[in-house]
Amino acid sequence: MKSAPPDKYIRSNWLQETSIFGAKRQMSYNSSNISYYILPETVEGVTPETGTALKLAHTPGSGPSYTKETVSSSALYAKRQSGGVRTMGGSVSGSFDFELKRSPAIDILLASALSGQWSGNVLQAGDQDSSFSILKTTGDADDLFHCYTGVQASELSLTTETVAMVEASTTLIGMNYVDPIAYEPGEALVFQEDAGGFPLAAIDVTASIAALPSIDVRSATLTVSHEREAKAALGPVSTIGIGTSGARTATLEVTFYRRDFAPETALTNDATTSVVLTIGSGADGYVISMPAAQASWPEESVDGASVLVTMTFTAKVNAQGDIKITKAA
């Protein structure tokens, strides 16, 4: 763990070199030095000055971005000159891609994506939206930070294929951005590095569908999504909050090897079945369950020597909830 730098202008890790004119200049940034830290918010859009900012081991190239709308003046001035532009309507977007494993930072993203809160080892999807700040540094944790505030995960995707890691992605939407000169971490804020952890892969995955107990799955994609949008108001340059509308969508798409015609006959008349995706075991694992899911019509395809069937299972309302994530231990 590292504490926030006492002076936000310290850039001790920035290398410098002498130009041909003899003056010192800073080297350009390296993308491999970019780090992201996740910091849960108590008040939406307000970055805490205390607590622990958790490192996320992200896939390079993914991360948040802040954009503004550019509005052009329609006025016509002398000699066909324009009245210029104004920028407004700022908001955060982007995505985090990462390999699934047990991690405190990933737990925050999972809770936001499911609109739930962890209760011990159980995360039940619900209607409790949670936001977090993202702190980005282009060097070490002693460097200056970009700060993205009021961020939520609007979609979660987990994908696994044979001979591959379990790839995860969360779509981001947020309120505001504070540049590295204006933002200064609280002196009591602690930065916690990722401890490494056990990366989960295809060999750790089992997809169980109660109505189709004997299938051999080749690939699976779990998706949980909410319709979220940024709220704009007169006055502020950036949006004032994030809203959610409509019902949550939770699906599991599986592709498996054809061995019979159970996919066409086992789930007639829109019957429901339970679906369980087990990823890892013990202290490294997750169990994702949908107690009542309805199946799409099976689609058959051919890939080399294999005859495959693809079906999508969509969670529906149930007394136990539509989807739940449980830590294996």
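D303 contributes no side-chain N or O that, together with a main-chain N or O of S306, makes up a donor-acceptor pair within less than 3.5 Å. Here the side chain of H58 pairs no donor or acceptor atom with the backbone of G63 at under 3.5 angstrom. Under the 3.5 Å distance criterion, the side-chain polar atoms of E229 are left unmatched by any main-chain donor or acceptor of T244. Under a 3.5 Å cut-off, the side chain of T239 and the backbone N or O of M175 do form a donor-acceptor pair. Panel note: side chain Q124, backbone I323; a donor-acceptor pair is recorded below 3.5 Å. In this structure, the side chain of R258 engages the main chain of D260 through a donor-acceptor pair within 3.5 Å. Under a 3.5 Å cut-off, the side chain of R228 and the backbone N or O of I242 do not form any donor-acceptor pair. T138 contributes no side-chain N or O that, together with a main-chain N or O of I34, makes up a donor-acceptor pair within less than 3.5 Å. Judged purely by atom type and a 3.5 angstrom limit, T272 has no side-chain atom pairing as donor or acceptor with the backbone of A292. With hydrogens and angles ignored, the 3.5 Å screen pairs a side-chain donor or acceptor of T273 with a backbone N or O of A211.
Within 6.0 Å of the CG atom in L76, the count of heavy atoms belonging to other residues, nucleotides or ligands exceeds 12. For E167, the CD atom counts as densely surrounded, since its 6.0 Å shell holds more than 12 non-hydrogen atoms of other residues, nucleotides or ligands. Heavy atoms of other residues, nucleotides or ligands lying less than 6.0 angstrom from CD of E69 number 12 at most.
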| request: Step by step, work out the side-chain hydrogen bond (donor to acceptor under 3.5 Å, both in side chains) result for T310 and T255. | output: CA-CA 4 Å; T310 298; T255 297; 2.9 Å; yes
| query | Do K55 and S35 pass the side chain to side chain contact (heavy atoms under 4.5 Å, CB included) test, and can you show the C-alpha distance, the side-chain angles, and the key distance before you say yes or no? | reply | CA-CA 7 Å; K55 173 74 172 291; S35 294; 3.6 Å; yes
| request: Just do the side chain to side chain contact (heavy atoms under 4.5 Å, CB included) check on W297 and E264 with the steps written out, would you? | output: CA-CA 7 Å; W297 182 253; E264 286 81 3; 3.7 Å; yes
| query | Given the rule in the salt bridge (Lys or Arg N to Asp or Glu O under 4.0 Å) test, do D194 and K101 qualify, once you have shown the distances and angles that lead to the verdict? | reply | CA-CA 11 Å; D194 188 292; K101 63 177 182 177; 2.7 Å; yes
| field | side chain to side chain contact (heavy atoms under 4.5 Å, CB included) between V166 and V205, intermediate numbers included | value | CA-CA 9 Å; V166 179; V205 179; 3.8 Å; yes
| task | Could you walk me through whether L56 and L109 pass side chain to side chain contact (heavy atoms under 4.5 Å, CB included), step by step? | result | CA-CA 10 Å; L56 176 70; L109 296 176; 4.0 Å; yes
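The SG atom of C147 sits 14.0 Å away from the OH atom of Y37 when rounded to the nearest 0.5 Å. Between the CG atom in L222 and the CG atom in L156 there is a gap of 6.0 Å [rounded to 0.5 Å]. Note: M165 CE to T59 OG1 = 10.5 Å, rounded to the nearest 0.5 Å. Interatomic distance, I215 CD1 to F256 CZ, rounded to the nearest 0.5 Å: 5.0 Å. Taken to the nearest 0.5 Å, the OG atom of S103 stands 9.0 Å off from the CD1 atom of I38. Distance check, rounded to the nearest 0.5 Å: CD1 of I209 to CE of M290 gives 8.5 Å.
Looking at heavy atoms from C-beta onward, Q152 lies in side-chain contact with E44 at the 4.5 angstrom threshold. Looking at heavy atoms from C-beta onward, T170 lies out of side-chain contact with E155 at the 4.5 angstrom threshold. With contacts defined as side-chain heavy-atom distances shorter than 4.5 Å, the pair L54/L39 does not qualify. Annotation: side chain of L158 is in contact with side chain of I288 (closest heavy-atom distance under 4.5 Å). Residues T249 and T223 fail the side-chain proximity criterion, which asks for heavy atoms closer than 4.5 Å. A heavy-atom distance below 4.5 Å is not found between the side chains of P64 and Y177. The shortest side-chain heavy-atom distance between P298 and F261 does not fall under the 4.5 Å cut-off. At a threshold of 4.5 Å between non-hydrogen side-chain atoms, the residues L123 and L110 count as touching.
Ring geometry for Y36 against F96 counts as perpendicular: the plane angle is over 60°, on a 0 to 90° scale with 30° as the lower cut. Relative orientation of the Y286 and W118 rings is tilted, given thresholds of 30° and 60° on the angle between their planes.
If you chain together hydrophobic residues whose side chains sit under 4.5 Å apart, V287 and I325 never meet in one group. Hydrophobic clustering (ILVMFWY, side-chain heavy atoms < 4.5 Å, transitive): I108 and I173 are in distinct clusters. Hydrophobic cluster membership differs between M88 and I240, with clusters built from Ile, Leu, Val, Met, Phe, Trp and Tyr side chains linked at under 4.5 angstrom. Cluster membership check: L135 shares its hydrophobic cluster with V178, using side-chain heavy-atom separations under 4.5 Å among Ile, Leu, Val, Met, Phe, Trp and Tyr. Cluster membership for V254 and I279, using ILVMFWY side-chain heavy atoms within less than 4.5 angstrom, is shared.
Here side chain to side chain donor-acceptor pair (under 3.5 Å) pairs that include residues 72-83, with residues two or more places apart or in two chains, number zero. For the side chain to side chain donor-acceptor pair (under 3.5 Å) condition, the pairs that include at least one residue of residues 318-329, sequence neighbours left out, are D107-K327, R248-D322.
A pairwise comparison of heavy atoms in S91 and A230 identifies CB-CB, 4.3 Å as the closest pair. Taking every heavy atom of both residues into account, P199 and E99 meet most closely at CB-OE1, 4.2 Å. Nearest heavy atoms, L212 versus M311: CD1-SD, 3.9 Å. Across all their heavy atoms, G51 and L189 have their closest contact at O-CD1, 3.5 Å. Between S112 and A153 the shortest heavy-atom distance is OG-N, 2.9 Å. Contact record, G321 with P291: O-CG, 3.2 Å, taken as the closest heavy-atom pair.
With 3.5 Å as the limit, one finds a donor-acceptor pair spanning the side chains of E41 and S133. N176 and T149 are not linked by any side-chain donor-acceptor pair at a separation below 3.5 angstrom, with hydrogens and angles left out of the test. Neither side chain, Y183 nor H146, offers a donor N or O lying under 3.5 Å from an acceptor on the other. With 3.5 Å as the limit, one finds no donor-acceptor pair spanning the side chains of T171 and S95. Looking only at atom types and distance, the side chain of D127 has no donor-acceptor partner in the side chain of S115 under 3.5 Å away.
Using a cutoff of 4.0 Å between basic side-chain nitrogens and carboxylate oxygens, E253 and R218 are not scored as salt-bridged.
Aromatic ring centres of F191 and F145: separated by under 6.0 Å.
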